[in-house]
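Reading through the structure tokens given below for one structure.
Quick note: residue numbers are just sequence positions, from 1.
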Amino acid sequence: MSYTYLLYLLVFLPGVLLVYAIVPQRFRGVVLLLASYAFLIQLSHKLSFFIVYTTISVFLIGLWLSAAQKRSEARIKAGADRKTEKKANTRRRRAILWLGILSQGGVLFFLKFYDSVAAHLNLWTASEVLPVKNLVLPLGISFYTLEAISYLVDVYYRKIEVERNIGRMALFLSFFPIIMEGPICRYGELARPLWEGKQLTYRNLTFGAQRLLWGLFKKWVIADRLSPLVSTLFNHPGGYQGGVMALAGILYTLQLYADFSGCIDMTIGTGEMFGLTLPENFRQPFFAKTPSEFWRRWHITLGAWFKDYIFYPLSLTSGIKKLGKSARKKLGKHYGQIAQTLIPLFAVWLCNGVWHGTGWTYLFYGMYYFVLIVTGELIEPLVASGTAKLGIDRSHWPWRILQTVKMLAIIFTGELFFRATSMPNGWQMFSSIFTGFGKGGITDGALLTLGITFQDYLLAGIALAVVLVVGVLHERGIHIRERVAAWPIVPRWCFYFAALFAVLIFGVYGFGHTPADLIYAGF
């Protein structure tokens, strides 16, 4: 049972809302905690042990950090030298913090990479150095591990108060709408509102249901409809001409966006039902003009986590600051700044690739964007100078459209490698676009033999057009739900029912049908 299963939509979620509504406010956090663990256990079974381990260990290490700070303050009050004690306290608390980070990140790294390391060692040595255990990744561990680490870092820097209620900690890490695919939340923003049990309201329920329905539209009508076609194309990388391979990269990107952003819509909508404001994870990413802008619009909470907990801490180390100062003297302000950010940026994109998985395709994906972003920064003065000399206004629509088209090609290429089953297969698909491009497979009807029908193509195309229109309106600051909510009751509810029936009639779902897995739940 996941978010797109009828059992979840018709039984589990309504049941949780009902119980939540009728119990006293002081017990609502407990209701959500029990519901979250019930949801988690039925999906992960014994692997739920890992979130229990994370909860208890992070809770205790947070208390340890707080206790170390209080003991240090007590020593200073008792007469210890302030400067000496502060240095000693910083060393102690830093050691505790690193213990906490390693206790969480080490488990994630082991579970993700043990089998890959063992397989490569055995291949290189032609003997079984390490046994391959076929480890299964616990549900949500990539997401709640980052949340746990961010909590410890924020406690260390005293941005938030240490948590002394383990139930609140447990609910924050396991909250069922965000456990599968995020968004990655911050403890200081969500933990207390989540535990306090806000009153259900008509507005929150209706607006949350609308957002959930929009997510189902993306998932059922687009992502699940395209899934058989995408799987067929990527499982046969040498079986089609370049035009079809180019189409594979485009369709997978659209499938991934519809699947992932649809799940986030369902998550945010469910949170809204309970009176919670969860962070947005997407903001019209296909309107981006540069790779940096794309990642400010795509998987926003992951990018923000890397920025706050890897990029900035590395940038502020004494060695990096010295490097930047020296580089600015020798290279000038612009290139000196690039030199200073090079190592932190490399670390961010290395971690981005590693976070997604063990395959070389994921590592390539991270390095792909690292190279593009650095290259873009390096050539920016040349581009600015060249466009100025040619009299090109970079704020006018022709230039913006050109940059958007360029960025779409970059996005589709990156996702083609991201989805490829291996790097050789990815290169084969990519190179065929240039060496074997042809109309075969697109105009001869072969696309109708790849798992979906002409009607599926038509419905997916119409649905994607709807998503595009909504994206354009959002980009212009037009909030559709607010506009519709202001309509008179009859046209408003006609619109709601029309949206509901569109999902019910055109969605790929139902008893006896196994929905396609949520893509990012596998990371």
Side-chain angles (χ1 to χ4, degrees), residues 4 215 217-263 282 284-288 294 298-299 356 361-362 365 368 404-422 425-434 436-471 506-509 515-520 522-523:
T4 59
F217 175 81
K218 290 180 181 177
K219 172 65 174 168
W220 280 354
V221 181
I222 301 174
D224 285 6
R225 177 165 272 108
L226 293 178
S227 180
L229 170 62
V230 170
S231 296
T232 299
L233 293 177
F234 278 90
N235 289 336
H236 301 86
Y240 306 96
Q241 291 187 356
V244 178
M245 292 295 97
L247 186 64
I250 295 170
L251 291 179
Y252 172 68
T253 304
L254 298 175
Q255 179 206 6
L256 177 63
Y257 174 71
D259 188 284
F260 193 14
S261 71
C263 176
F282 293 90
Q284 296 79 252
F286 300 120
F287 294 149
F294 173 72
W298 176 283
H299 209 342
H356 280 94
T361 54
Y362 301 126
Y365 185 73
Y368 174 76
T404 300
V405 172
K406 172 206 70 177
M407 193 60 222
L408 287 174
I410 289 173
I411 294 168
F412 296 147
T413 300
E415 296 301 344
L416 184 147
F417 281 98
F418 184 82
R419 175 61 175 81
T421 54
S422 67
N425 286 346
W427 283 116
Q428 183 179 19
M429 295 176 73
F430 179 69
S431 62
S432 71
I433 296 174
F434 303 96
F437 195 91
K439 296 180 180 179
I442 295 179
T443 60
D444 61 5
L447 287 180
L448 300 178
T449 67
L450 300 177
I452 65 175
T453 65
F454 173 78
Q455 289 78 11
D456 288 321
Y457 284 105
L458 181 62
L459 287 172
I462 294 172
L464 286 167
V466 172
V467 172
L468 175 62
V469 170
V470 171
F506 301 119
V508 180
Y509 69 96
D517 292 335
L518 294 169
I519 295 173
Y520 257 76
F523 298 128

On a heavy-atom basis, the closest approach of Met429 and Pro237 is CG-CB, 3.5 Å
Report the residue from Trp427, Tyr368, Tyr362 that forms a ring pair (Phe, Tyr, Trp, His ring centres under 6.0 Å) with Phe417. Trp427
Roughly how far apart are Ile222 CD1 and Asp456 CG, rounded to 0.5 Å? 12.5 Å
CG of Leu247 to OH of Tyr240: how many Å apart, nearest 0.5 Å? 11.5 Å
Heavy-atom nearest pair, His299 first then Phe282, reads N-CE2, 3.8 Å
Any sub-3.5 Å donor-acceptor pair from Arg225's side-chain atoms to Ile452's backbone N or O? no
For the pair Thr413 (side chain) and Ala409 (backbone), establish whether a donor and an acceptor sit closer than 3.5 Å, ignoring hydrogens and angles. yes
Inter-residue atom distance Leu459.CG - Phe454.CZ, 0.5 Å rounding: 10.0 Å
Walk me through whether Asp259 and Lys218 qualify under salt bridge (charged side-chain N to carboxylate O under 4.0 Å, His left out). CA-CA 7 Å; Asp259 188 284; Lys218 290 180 181 177; over 6 Å; no
Residues Thr361 and Ser422: closest non-hydrogen pair is CG2-C, 3.6 Å
Atom of Met245, atom of Ser432 and distance for their closest heavy-atom approach: CG-OG, 3.2 Å
Would you say that Leu229 contacts Tyr457 through its side chain, given a criterion of any heavy-atom pair below 4.5 Å between the two side chains? yes
Considering residues at least two apart in sequence or located in another chain, which fulfil the side-chain hydrogen bond (donor to acceptor under 3.5 Å, both in side chains) criterion with Tyr520? His356
How long is the span from the CH2 atom in Trp298 to the CZ atom in Phe286, to the nearest 0.5 Å? 5.0 Å
Might you work through the side-chain contact (heavy atoms from CB on, under 4.5 Å) test for Leu416 and Ile433, ending with a clear yes or no? CA-CA 11 Å; Leu416 184 147; Ile433 296 174; 4.3 Å; yes
Roughly how far, to the nearest 0.5 Å, is CD1 of Ile519 from CG of Leu256? 5.0 Å
What is the distance from atom CD of Gln255 to atom CG of Leu226, rounded to the nearest 0.5 Å? 6.5 Å
Could you check Leu251 against Phe234 for side-chain contact (heavy atoms from CB on, under 4.5 Å), going step by step and ending with a plain yes or no? CA-CA 11 Å; Leu251 291 179; Phe234 278 90; over 6 Å; no
Using only atom types and a distance under 3.5 Å, with no angle test, would you say the side chain of Ser231 pairs donor to acceptor with the backbone of Pro228? no
Under the side-chain contact (heavy atoms from CB on, under 4.5 Å) rule, what do Ile462 and Phe506 come out as? Steps first, then yes or no, please. CA-CA 11 Å; Ile462 294 172; Phe506 301 119; over 6 Å; no
